[in-house]
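Working notes, beginning with the structure itself.
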Amino acid sequence: MIAALVSGAGIGFTVAAPIGPMGMLCIQRTLASSPAAGLATGLGAATVHLAYSAIAVLGFGSLAQSWMQTNTLALGTLSGVTLLWFAIRTHRVGLGFCRAVKIDRIHLTRAYLSAIALGVTNPLTIVLFFAASHALTGQAATLSLVAGVFLGSAAWWIILSTTVAAARSRLDASILAWSSRFASFTLLLLGLSTLLRIAGKVLLGR
């Protein structure tokens, strides 16, 4: 059980660590709102990782992959639109900083649920879990393995949000505003690239 827990934690940490859309969102919310908002965002991502790992250890990974491939256009479109929505929201936060307006703290439940919505449609998360699925299937102590994935993912988000929060106290409003602009621009590029990729597949008839 301990070996399975450690193995799962390694997988969860590895999948969570690459800085993608979720990482940008966690950093931006920590800077713009609070460390709790960033952590809630990360725990939403960890919950998605928990769900994907459960699917893999129960032997449904191949079925899920087949479903993803069948619905790749719809899933990609949803992912692109979701990323654009987050880009717009993040840009508004940046404008608030520029105008020296007090930023309302994001509700933790909303931060958590919106992160789940983004995580479920995030192609990077899906690809990484498919790549790691061979390490999750066919192992004993499946509950420990799945729990380890969640704990490893959660550990990364705790480290990230805590580190960003520690740096936040040294930043003034103008730097925070630029960080929100950068996060918004990054999410915008990711959303547009996803939609362009889907449009290319449609035009090519794939």
Side-chain angles (χ1 to χ4, degrees), residues 5-57 60-61 64-65 68 75-76 78-90 93 105-133 135-136 145-165 168 179-180 182-184 186-191 193-194:
L5 188 68
V6 173
S7 176
I11 294 171
F13 191 92
T14 302
V15 171
I19 299 296
M22 194 64 70
M24 293 300 303
L25 196 62
C26 176
I27 292 171
Q28 188 274 331
R29 285 179 171 176
T30 301
L31 291 173
S33 183
S34 67
L39 181 57
T41 301
L43 291 180
T47 301
V48 175
H49 298 164
L50 173 69
Y52 282 152
S53 62
I55 290 173
V57 299
F60 298 124
Q65 186 172 8
M68 294 290 185
L75 185 62
L78 180 61
S79 175
V81 172
T82 302
L83 287 169
L84 292 181
W85 182 81
F86 277 113
I88 294 171
R89 295 276 302 181
T90 304
V93 171
R105 293 183 180 274
I106 183 173
H107 195 281
L108 297 184
T109 301
R110 182 159 60 90
Y112 174 76
L113 294 177
S114 62
I116 290 178
L118 178 59
V120 167
T121 61
N122 183 6
L124 178 61
T125 302
I126 297 171
V127 169
L128 288 174
F129 260 99
F130 282 155
S133 61
L136 291 167
L145 189 67
V146 173
V149 170
F150 178 82
L151 292 176
S153 178
W156 165 252
W157 299 115
I158 291 172
I159 292 172
L160 181 61
S161 58
T162 302
T163 302
V164 174
R168 184 183 189 277
S179 70
S180 287
F182 177 75
S184 174
T186 303
L187 293 171
L188 178 65
L189 286 181
L190 289 170
S193 65
T194 300

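For the residue pair Cys26 and Gly38, the shortest heavy atom distance occurs at SG-O, 3.3 Å. The two residues Met22 and Ala115 come nearest to each other via the heavy atoms CE-O, 3.1 Å. Here the closest non-hydrogen pair linking Ala46 and Phe150 is O-CD1, 3.5 Å. The two atoms that bring Ala111 and Ser114 nearest to each other are O-OG, 3.1 Å, heavy atoms only. When all heavy atoms are compared, the tightest approach of Phe13 to Ile159 is CE1-CD1, 4.0 Å.
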side-chain contact (heavy atoms from CB on, under 4.5 Å) between Thr47 and Tyr112, worked out: CA-CA 9 Å; Thr47 301; Tyr112 174 76; 2.7 Å; yes
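Rounding to the nearest 0.5 Å places CD1 of Ile116 at 10.0 Å from CG of Leu50. Considering CD1 of Ile158 and OG1 of Thr163, their distance stands at 11.0 Å, rounded to 0.5 Å. Taking CD1 of Ile11 as the reference point, atom OG of Ser153 lies at 12.0 Å (rounded to 0.5 Å). Note that CG of Leu39 and CG of Leu108 are 9.0 Å apart. Values are rounded to the nearest 0.5 Å. Rounding to the nearest 0.5 Å places CE of Met24 at 12.0 Å from CG of Leu118.
Proximity of Ser7 to Leu145: side-chain heavy atoms (C-beta onward) are separated by under 4.5 Å at one or more points.
No donor-acceptor pair under 3.5 Å is formed between the side chain of Ser33 and the backbone N or O of Thr30. Side-chain N or O atoms of Ser53 include one that pairs as donor or acceptor with a backbone N or O of His49 at under 3.5 Å.
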